[in-house]
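Please read the structure below before turning to the comments.
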Amino acid sequence: GADVTLVVRDPARAALIAGQGIACREGAVSYVARPRVARTVPDGGVDVLVMAVKAGDLPAVAASLPQGIGPQTLVMPLVNGIPWWLAGAGGETIQAVDPDGILQRRFLPEQVVGSVVYTTATVEGPAAVRVTGSQKLVLGALCPDRTAAVAALAQRLRAYGIGIEVCDTIVDAVWNKVALNLATNPLSVVTGAPLGQLCSDERLQPIVSNILDEAWRVAARYNARPPMTREDMLNRGRAAGAHRTSMLEDYRKGRPLELSAIADAVFELAARVGMDLPVSRAVVDMARFQTMPPVA
Ligand SMILES: NC(=O)C1=CN([C@@H]2O[C@H](COP(=O)(O)OP(=O)(O)OC[C@H]3O[C@@H](n4cnc5c(N)ncnc54)[C@H](OP(=O)(O)O)[C@@H]3O)[C@@H](O)[C@H]2O)C=CC1
Ligand SMILES: CC(C)(CO)C(=O)C(=O)O
């Protein structure tokens, strides 16, 4: 297999995983993954850097990378929401996701692999992960002359059993997933409902549909054409059944909500073209309200 190093910043957890590996459950299949474990990203010799952290942690990750992560390293952010690179190469940044412009400065568009993650994964313990349902990773080059490099990476990942779709228009795929996240993640925090219920309950499903429509209207203003219809999205959500969104998981654990990338960045891009998203804003405001300490 590939030579994989898992970067774990917590020393106790790093020692645990180095000793016993990670117990993985994928549907009915269980196995132990035994990657090499490090506390920081190795300085050199890295072909592909996978950044699977919450969007708000990306600037800190970028700031901590060693010099050895240079233009020769492909960088694959497995992160929900509007990616920093959607700002383009013009020097403008998306404040909500890249407030100091560090991501835009640290990574060249040529080295970034645009990525969209469809999975339902839950961390069950310090060295245990569970994945339910089907998984898919959509990859695409940001620059046309990097298409072959991304195709080669996809080929390698497929050989390890990862479901990969390579897409010529990764921006469309990004907006597709952003719409799903904007429509379901904040509402899951407000209601506590799992995905299946959000997309089928007669009181919640219309809210989800309205937010999907709002997100698609913004996407259209940026010339993106998300490939899924509203009904495709609702069916995907229904199929996820009792799965709780990653944002609801974070809320229940008292962790920060990933609203900057999933909501604020969409509002920022919408405002640039003179649009407001009233239903999305109302639900996002309520989700934020849920995280405030109770009034004494
Ligand atoms: N879970 C899911 O089903 C799905 C998640 N996603 C998206 O994937 C991304 C990752 O989500 P998920 O895996 O669920 O998130 P988790 O919060 O479960 O895991 C994120 C991990 O990132 C680690 N981390 C954060 N900052 C650093 C750093 N500077 N150095 C090293 N490690 C760091 C955290 O470490 P520590 O434990 O030390 O805090 C944590 O283990 C998010 O954008 C999410 O929205 C997309 C599709 C589905
Ligand atoms: C499962 C899904 C699609 C829910 O919106 C997701 O991406 C998440 O939980 O963050």
Side-chain angles (χ1 to χ4, degrees), residues 5-14 16-17 22 24 26 37-42 49-66 69 76-84 97 102-103 115-138 173-174 176-189 193-199 204 208 211-212 215 228 232-263 265 283 287:
T5 300
L6 179 69
V7 177
V8 183
R9 58 183 170 178
D10 175 58
R13 195 172 188 187
L16 182 73
I17 295 175
I22 301 180
C24 303
E26 278 188 57
V37 179
R39 299 278 314 287
T40 53
V41 175
L49 175 72
V50 177
M51 300 193 291
V53 300
K54 289 284 162 45
D57 291 323
L58 278 177
V61 169
S64 72
L65 291 177
I69 301 294
M76 189 160 75
L78 299 188
V79 177
N80 269 334
I82 296 284
W84 82 89
V97 288
I102 184 168
L103 295 163
S115 320
V116 178
V117 189
Y118 287 95
T119 185
T120 43
T122 312
V123 175
E124 293 196 303
V129 179
R130 182 165 60 98
V131 178
T132 49
S134 62
Q135 301 190 69
K136 188 174 72 168
L137 202 51
V138 186
V174 165
N176 200 70
K177 183 71 199 291
V178 165
L180 179 62
N181 285 129
L182 182 63
T184 57
N185 290 29
L187 190 60
S188 72
V189 171
L195 267 171
Q197 208 176 5
L198 291 172
C199 295
L204 303 182
V208 171
I211 298 178
L212 287 173
M228 283 166 81
D232 292 338
M233 287 281 190
L234 294 173
N235 284 335
R236 180 175 275 275
R238 288 172 195 135
H243 180 79
R244 291 193 287 261
T245 69
S246 55
M247 195 173 278
L248 180 53
E249 288 290 341
D250 284 340
Y251 175 62
R252 289 162 64 113
K253 290 174 184 154
R255 293 185 178 163
L257 306 186
E258 218 176 8
L259 287 169
S260 56
I262 287 173
V283 174

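Being a predicted model, the structure only gives us computed values, none of them experimental. Start at 1 and go down the list; that is how both ligands and their atoms are numbered.
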Within the 4.0 Å heavy-atom cut-off, what E249 brings close to ligand 1 is neither
Nearest non-hydrogen protein atom to atom 2 (C) of ligand 1, with distance, is A121 O, 3.5 Å
Atom 30 (N) of ligand 1 has as its nearest protein heavy atom R9 CD, 3.9 Å
Atom 40 (C) of ligand 1 has as its nearest protein heavy atom R13 NH1, 4.9 Å
Contact region, V123 to ligand 1, non-hydrogen atoms below 4.0 Å, reads side chain
Per side-chain contact (heavy atoms from CB on, under 4.5 Å), V116 is matched among N80, L78, V138, V178 by V138
Checking heavy-atom distances from atom 47 (C) of ligand 1 to each of K177, R255, H243, the winner is K177
In this structure, CG of D232 is separated from CG of L180 (nearest 0.5 Å) by 11.0 Å
For atom 7 (O) of ligand 2, the closest protein heavy atom turns out to be K177 NZ, 2.8 Å
Is there a nitrogen or oxygen of T119 sitting under 3.5 Å from a nitrogen or oxygen of ligand 2? no
task = Could you tell me whether the side chain of N176 and the main chain of M228 form a donor-acceptor pair under 3.5 Å?
result = yes
Q | Chi angles and distances behind the side chain to side chain donor-acceptor pair (under 3.5 Å) call for T120, T132 | A | CA-CA 6 Å; T120 43; T132 49; 3.0 Å; yes
The protein heavy atom nearest to atom 4 (C) of ligand 2 is N185 OD1, 3.6 Å
OG of S188 to CD of Q197, rounded to nearest 0.5 Å, is 11.5 Å
With the threshold set strictly below 4.0 angstrom, can you tell me whether any protein non-hydrogen atom sits that near atom 7 (C) of ligand 1? yes
| message | Closer than 3.5 angstrom, by distance alone: can the side chain of R39 be matched with the main-chain N or O of R9 as a donor-acceptor pair? | response | yes
If we number the atoms of ligand 1 from 1 as shown, the ones under 4.0 Å from a heavy atom of V61 are 28 (C), 29 (N)
N/O donor-acceptor pair under 3.5 Å between R13 side chain and P126 backbone | yes
Counting heavy atoms under 4.0 Å, the part of D10 that contacts ligand 1 is neither
| said: Can you confirm, on distance only, whether ligand 2 has an N/O atom lying under 3.5 Å from any N/O atom belonging to T245? | reply: no
Atom 22 (O) of ligand 1: of V53, L6, L65, the nearest heavy atom sits on V53
The atoms of ligand 1 lying under 4.0 Å from a heavy atom of V79, numbered in the order shown, are 43 (O)
Q: Please tell me if the side chains of S115 and P77 come closer than 4.5 Å, counting only heavy atoms from C-beta onward.
A: yes
query = Backbone or side chain, does any N or O of R244 fall under 3.5 Å from an N or O of ligand 2?
reply = no
Open item on the list: Quick one, E258 with K54, criterion salt bridge (Lys or Arg N to Asp or Glu O under 4.0 Å). Give me CA distance, side-chain angles, the key distance, then yes/no.
Closed with: CA-CA 7 Å; E258 218 176 8; K54 289 284 162 45; 5.2 Å; no
I'd like to know if the side chain of E26 reaches the main chain of V131, judged simply by a donor and an acceptor atom lying under 3.5 Å from each other, with no hydrogens or angles considered. no
Distance col, row L137:CG vs T119:OG1, nearest 0.5 angstrom, shows 9.5 Å
In this structure, atom 46 (C) of ligand 1 is nearest to the protein heavy atom N80 ND2, 3.1 Å
Using the rule given for side-chain contact (heavy atoms from CB on, under 4.5 Å), can you reason through V97 versus L58, listing the C-alpha separation, both sets of side-chain angles and the distance that settles it, and then say yes or no? CA-CA 8 Å; V97 288; L58 278 177; over 6 Å; no
If you scan protein heavy atoms around atom 9 (O) of ligand 2, the nearest is S246 N, 2.7 Å
Determine, step by step, whether L49 and M76 satisfy the side-chain contact (heavy atoms from CB on, under 4.5 Å) criterion, reporting the C-alpha distance in whole Å, the side-chain angles of both residues, the deciding distance to 0.1 Å, and the verdict.
-> CA-CA 6 Å; L49 175 72; M76 189 160 75; over 6 Å; no
Nearest non-hydrogen protein atom to atom 2 (C) of ligand 2, with distance, is N181 ND2, 4.1 Å
Looking at K177 and V117, would you say the former's side chain and the latter's main chain have a donor-acceptor pair under 3.5 Å? yes
Discussion item. Cation-pi check for Y118 against R236: NZ or CZ below 6.0 Å from the six-membered ring centre and within 45 degrees of the axis, yes or no?
Written reply: yes
One finds that the ligand 1 atoms under 4.0 Å from a non-hydrogen atom of V117 are 47 (C)
| request: Please state whether S246 comes within less than 4.0 angstrom of ligand 1, counting heavy atoms only. | output: yes
So for V8 against ligand 1, with non-hydrogen atoms under 4.0 Å, the contacting part is neither
For atom 48 (C) of ligand 1, the closest protein heavy atom turns out to be T119 O, 3.3 Å
Checking heavy-atom distances from atom 43 (O) of ligand 1 to each of K54, R39, E258, the winner is E258
Under 4.0 Å from one or more heavy atoms of N80, ligand 2 contributes atoms 6 (C), 7 (O), 8 (C), 10 (O)
Item to complete: Flag T184 as yes when one of its N or O atoms lies below 3.5 Å from any N or O atom of ligand 2, and as no otherwise.
Response: yes
Applying side-chain contact (heavy atoms from CB on, under 4.5 Å) to T184 and L195, what does each step give before you reach the verdict? CA-CA 7 Å; T184 57; L195 267 171; 3.7 Å; yes
For L78, the ligand 1 atoms with a heavy-atom partner under 4.0 Å come out as 8 (O), 9 (C)
(message) Using side-chain contact (heavy atoms from CB on, under 4.5 Å), reason through S64 and V41 one step at a time and then give a plain yes or no.
(response) CA-CA 8 Å; S64 72; V41 175; 5.8 Å; no
Specify whether the nearest protein heavy atom to atom 37 (O) of ligand 1 is under 4.0 angstrom away. yes
Taking P194's backbone N and O only, do any of them form a donor-acceptor pair with R244's side chain (distance below 3.5 Å, no angle check)?
no
Near L180 (heavy-atom distance under 4.0 Å), the atoms of ligand 2 are 3 (C)
Open item on the list: Any atom of ligand 1 sitting under 4.0 Å from a heavy atom of A52?
Closed with: yes
If we number the atoms of ligand 1 from 1 as shown, the ones under 4.0 Å from a heavy atom of T120 are 3 (O)
